[in-house]
Amino acid sequence: MNLKKYFIRALHRLQKGPGYTYKELLVWYCDNTNTHGPKRIIKEGPKKKLIWFFLTLLFASLVFWQWGILINTYLSYNVTSSLSIGFKTMKFPAVTVCNANPFKYSKVKHLLKELDRLIEAALERILQPAPGNSSENASLPLDLELWHQIPLVLIDEHDKDNPIILDIFESYQAAGDNQTAGGNQTAGGNQTAKKYKLAVKLCSHPGSDNCTYRNFTSAAQAVTEWYILQSTSILAKVPLQERIRMGYQAEDMILACLYGAEPCNYKNFTQIYHPDHGNCYIFNWGMDEEALNSSNPGAEFGLKLILDISQQDYIPYLSSAAGARLMLHQQKSFPFLKDQGIYAMAGTETSIGVLVDELERMGYPYSDCTMNGSDVPVKNLYSQYNTSYSIQACLRSCFQNHMIEICGCGHYMFPLPEGVNYCNNEDNPGWAYCYSSLRSSIRHRQICIDSCKETCNDTQYKMTISMADWPSEASEDWIFHILSYERDMSTNVTLDRNGIIKLNIYFQEYNYRTISESAATTIVWLLSSLGGQFGFWMGGSVLCLIEFGEIIIDSLWITIINVISWCKGLKQKRVQARYPDAPPTVSELVEAHTNLGFQHEDAGALPGDEALPPEPGTPPPNYDSLRVQPLDVLSPDSDVE
């Protein structure tokens with residue numbers, strides 16, 4: 001019951017309003033606020049009132065302007081980077097070692113035989129050897145069908161508007177279907193280098209005029225690129241297990257291993273197949289067992305390896321660099337050696353001192369990084385290796401997805417989703433043209449860049465590399481004898497300086513650097529800055545803002561009551577406009593009824609006839625002139641004009 005009375009009183013209070021007008025409310029606020037300026041407006045003379053009004057308006061505008069700048073700065077979510085140095089026992093990084101050459105030539109030669117004959121014949125025609133210097137296989141027929149799928153051509157650009165294109169095994173032909181007479185002409189000697197450019201011709205399908213030419217400044221680059229495209233098509237049809245068998249095996253490549261004071265061997269490495277480098281081997285990957293900790297900094301407590309790269313068994317036209325490719329990375333991460341790997345040269349001892357940088361980025365809304373890649377819209381094709389997310393994996397997965405969508409097949413250098421095959425010249429004749437167009441497309445590249453995100457936490461290994469000849473001339477004899485015996489159980493020397501590499505990988509020191517991000521602006525900074533500006537320009541505080549909020553609420557309250565009163569007045573005016581005459585009073589109705597009774601008697605009423613009194617609610621006889629419908633019985637649905 002008390003609660004009901006409370007609500008009734010509150011309703012009456014709301015209907016009544018604050019009890020004063022806008023002017024009274026404004027005067028009250030200026031007289032009682034703690035903000036400097038408004039009080040002077042109402043208490044000073046006319047001239048000072050104008051001055052103080054202008055100053056108050058000016059400084060209030062400055063406050064709101066500064067507030068806008070501060071809020072915009074806060075909502076930009078800027079960060080500051082801080083560098084801290086710590087000291088702790090650290091996990092030794094995962095070490096991936098590969099051969100620069102992906103396959104042993106002796107095991108893959110039968111697949112590349114026709115390809116090698118083609119490139120040898122092409123080089124002979126380009127270099128124009130003297131008579132009698134032709135190769136022994138020059139008389140054997142060439143598989144030109146393989147050549148025509150992705151040919152090498154010479155381009156004469158003396159006439160920029162109409163360059164002449166020469167197929168090395170055919171005749172000259174003008175660009176854009178313009179044929180030039182001539183037989184199987186070739187350019188000779190130094191004139192080829194001066195007058196022609198070697199290019200790889202890529203067409204959307206055989207016999208099509210929709211072709212593109214990949215130009216190179218050096219014939220060596222063009223031959224290597226052409227050979228990679230052709231060999232990619234051939235190797236894409238070879239099963240994975242067969243490719244692994246044709247690569248370098250761990251027991252042949254890893255001759256010696258020592259971690260700290262503990263011996264190790266090739267069984268301590270995890271094998272993965274890398275399309276660029278064939279069989280790669282990872283030490284301390286952390287997939288099947290706990291990652292190893294480094295007991296102390298220094299070369300004596302790191303990883304020591306002796307590798308044999310068997311340079312004499314390299315594919316001559318595929319791998320122009322000799323050595324070992326290695327990379328340091330985090331545990332359970334995929335090694336992208338083409339981007340982040342380094343070479344170790346044969347016949348040297350390479351020492352790699354490692355320093356650790358830990359990066360800690362702030363997530364949304366401060367940066368667009370991801371913790372584990374779950375919020376990235378690109379399907380990670382490298383998840384089949386059970387590795388962690390990285391932006392390199394995302395970019396390559398994105399490219400492969402576009403390749404599959406546009407070209408209808410996947411590129412040999414990237415993992416495949418289920419149900420998709422690698423591209424090859426037989427099943428996908430225009431794959432090289434599609435791949436080249438996609439790789440040079442800025443739009444598709446930007447789509448992948450926008451879709452992929454950096455990881456919020458990352459560990460980078462900074463390397464200091466030094467090299468020395470190894471073994472020395474004085475010791476190479478006995479070292480090669482021992483290593484040859486341990487690997488092949490032979491007393492003959494089967495190793496030489498061109499195939500041996502020694503690696504020392506260690507922490508230079510246990511100091512590690514942490515580069516972390518923190519918010520440049522926080523909510524505490526924002527509130528203090530807003531209050532500082534308000535206090536500086538107007539001498540205000542939070543209580544002044546509450547006072548200002550109070551006057552806003554009272555103003556709205558008065559406005560609502562005034563609107564309601566105006567609506568009621570408008571309704572009454574509409575009713576009065578429909579019924580302009582005022583309704584009769586009770587006395588007027590009684591008088592009219594009495595007068596009508598007398599008129600009835602004068603009209604001939606018989607004696608004894610008694611006029612019955614009218615029933616309650618019965619209108620008098622002059623009904624049309626006296627009837628007025630009371631306002632309180634108007635139908636709520638009637639039109640009141």
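These numbers were taken from a predicted model, which means no experiment stands behind them. Quick note: numbers below take in every heavy atom, side chains included, and nothing from hydrogens, waters or symmetry partners.
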Tell me, do Ser484 and Asn492 make a side-chain contact under 4.5 Å, heavy atoms counted?
no
Surrounding NZ of Lys338 (heavy atoms of other residues, nucleotides or ligands, distance under 6.0 Å), is the total greater than 12?
no
If every non-hydrogen atom of Ile272 is compared with every non-hydrogen atom of Pro335, which pair is closest and at what distance?
CD1-CG, 3.9 Å
Within a strict 4.5 Å, meaning less than it, do heavy atoms of the Val95 and His329 side chains meet?
no
Verify side-chain hydrogen bond (donor to acceptor under 3.5 Å, both in side chains) between Tyr105 and Asp116, making sure each step is shown before the conclusion.
CA-CA 11 Å; Tyr105 189 51; Asp116 291 345; 2.5 Å; yes
Can you give me every donor-acceptor pair (side chain of residues 436-445, partner residue at least two apart or in another chain, under 3.5 Å) with its distance?
residue : atom : partner : partner atom : Å
Ser437  : OG   : Tyr433  : O            : 2.9
Arg439  : NH1  : Tyr435  : OH           : 3.2
Ser440  : OG   : Ser436  : O            : 3.0
Ser440  : OG   : Ser437  : O            : 3.2
Ser441  : OG   : His444  : N            : 3.3
Ser441  : OG   : His444  : ND1          : 2.9
Arg445  : NH2  : Arg439  : O            : 3.3

Who pairs with Tyr385 by side chain to side chain contact (heavy atoms under 4.5 Å, CB included), at least two apart in sequence or on another chain?
Phe334, Tyr382, Thr387, Pro415
In short, Ala222 meets Val200 closest at the heavy-atom pair O-CG2, 4.0 Å
SB check Glu114 Arg117 (cutoff 4.0 Å)
yes
Kindly indicate whether the side chain of Cys448, heavy atoms from C-beta on, has any atom under 4.5 Å from the side chain of Val378.
no
Does a side-chain heavy-atom distance below 4.5 Å link Tyr506 with Val354?
no
Salt bridge (charged side-chain N to carboxylate O under 4.0 Å, His left out) contacts touching residues 483-501 (sequence neighbours left out):
Asp308-Arg487, Glu476-Arg497
Working to the nearest 0.5 angstrom, can you tell me the gap between Ile244 CD1 and Gln249 CD?
8.5 Å
Compare every heavy atom of Met403 with every heavy atom of Cys423, then report the nearest pair and how far apart it is.
SG-CE, 3.8 Å
If you look only at pairs with a residue in residues 235-244, which of them pass as a side chain to side chain donor-acceptor pair (under 3.5 Å), with sequence neighbours excluded?
Lys237-Glu426, Glu242-Arg245
Distance col, row Leu305:CG vs Asn504:CG, nearest 0.5 angstrom, shows 8.5 Å
Between Val376 and Ser451, what is the shortest heavy-atom contact and its length?
CG1-O, 3.6 Å
Reference residue Pro102; test side-chain contact (heavy atoms from CB on, under 4.5 Å); the match among Leu235, Asp276, Leu318
Leu318
Could you check whether Asp313 pairs with Lys109 (Lys NZ or Arg NE/NH1/NH2 to Asp/Glu carboxylate O, under 4.0 Å)?
no
Output all residues satisfying salt bridge (charged side-chain N to carboxylate O under 4.0 Å, His left out) with Lys88, sequence neighbours left out; order by chain, then residue number.
Glu358
Heavy-atom distance under 4.5 Å between the side chains of Leu229 and Leu202, does that happen here?
yes
Run Met90 and Asn293 through side-chain contact (heavy atoms from CB on, under 4.5 Å) and show every step you take.
CA-CA 6 Å; Met90 292 181 290; Asn293 291 324; over 6 Å; no
Of all residues at least two apart in sequence or in a different chain, which pass the salt bridge (charged side-chain N to carboxylate O under 4.0 Å, His left out) check with Asp469?
none
Are any of the side-chain heavy atoms of Gln400 and His402 separated by less than 4.5 Å?
no
Side-chain donor-acceptor pair present, Tyr461, Asp357, cut-off under 3.5 Å:
no
Sequence neighbours excluded - ring-ring contact (aromatic ring centres under 6.0 Å, His included) pairs with any residue from residues 471-499:
none
In this structure, CD of Gln384 is separated from CD of Glu418 (nearest 0.5 Å) by 9.0 Å
Output the distance between atom CG (Leu328) and atom CD1 (Ile352), rounded to the nearest 0.5 Å.
6.0 Å
Kindly indicate, with the supporting measurements, whether the criterion side-chain contact (heavy atoms from CB on, under 4.5 Å) is fulfilled by Asn215 and Ile155.
CA-CA 9 Å; Asn215 297 328; Ile155 301 178; 3.4 Å; yes
Do any pairs count as a ring-ring contact (aromatic ring centres under 6.0 Å, His included) and have a residue in residues 227-269, sequence neighbours left out, and if so which ones?
Phe92-Tyr259, Tyr227-Tyr317, Tyr259-Phe283, Phe269-Phe283
Between Asn380 and Ser397, which heavy-atom pair has the shortest distance, and what is it?
OD1-OG, 3.6 Å
To the nearest 0.5 angstrom, please state how far the OG1 atom of Thr350 sits from the CG atom of Leu307.
10.0 Å
Nearest heavy-atom neighbours spanning Ala344 and Ile501:
O-CD1, 3.4 Å
Under the side-chain hydrogen bond (donor to acceptor under 3.5 Å, both in side chains) criterion, do Gln271 and Asn279 qualify, and how do the steps go?
CA-CA 7 Å; Gln271 183 270 336; Asn279 294 335; 3.3 Å; yes
Give every donor-acceptor pair under 3.5 Å between a side-chain atom in residues 405-414 and any protein atom, sequence neighbours left out.
residue : atom : partner : partner atom : Å
His411  : ND1  : Met413  : N            : 3.1
Tyr412  : OH   : Tyr273  : OH           : 2.6

Pairs flagged by disulfide (SG to SG under 2.5 Å) wherever residues 259-340 is involved - sequence neighbours left out:
Cys98-Cys280, Cys257-Cys264
I'd like to know whether Gln508 forms a side-chain contact (heavy atoms from CB on, under 4.5 Å) with Thr464, so could you lay out the CA-CA distance, the side-chain angles of the two residues, the decisive distance to 0.1 Å, and finally the verdict.
CA-CA 9 Å; Gln508 283 184 300; Thr464 302; 3.6 Å; yes
Salt bridge (charged side-chain N to carboxylate O under 4.0 Å, His left out) partners of Arg396, counting only residues at least two apart:
Asp339
Looking at residues at least two apart in the chain, or sitting in another chain, which of them share a salt bridge (charged side-chain N to carboxylate O under 4.0 Å, His left out) with Glu454?
none
Donor + acceptor pair across side chains of Asn424, Trp431 (<3.5 Å)
no
Leu303 CG to Asn268 CG distance, which is reported to the nearest 0.5 Å
10.0 Å
Do Tyr343 and Leu326 have side-chain heavy atoms sitting under 4.5 Å apart?
no
Dump the intermediate steps for side-chain hydrogen bond (donor to acceptor under 3.5 Å, both in side chains) on Asn284 and Glu289, then the final yes or no.
CA-CA 8 Å; Asn284 196 35; Glu289 54 189 14; over 6 Å; no
Can you confirm whether Ile391 sits close enough to Thr455 that some side-chain heavy atom of one is under 4.5 Å from a side-chain heavy atom of the other?
no
Using the side-chain contact (heavy atoms from CB on, under 4.5 Å) rule, take Cys394 and Gln392 through it: C-alpha gap first, then chi angles, then the decisive distance, then the call.
CA-CA 5 Å; Cys394 180; Gln392 291 87 358; over 6 Å; no
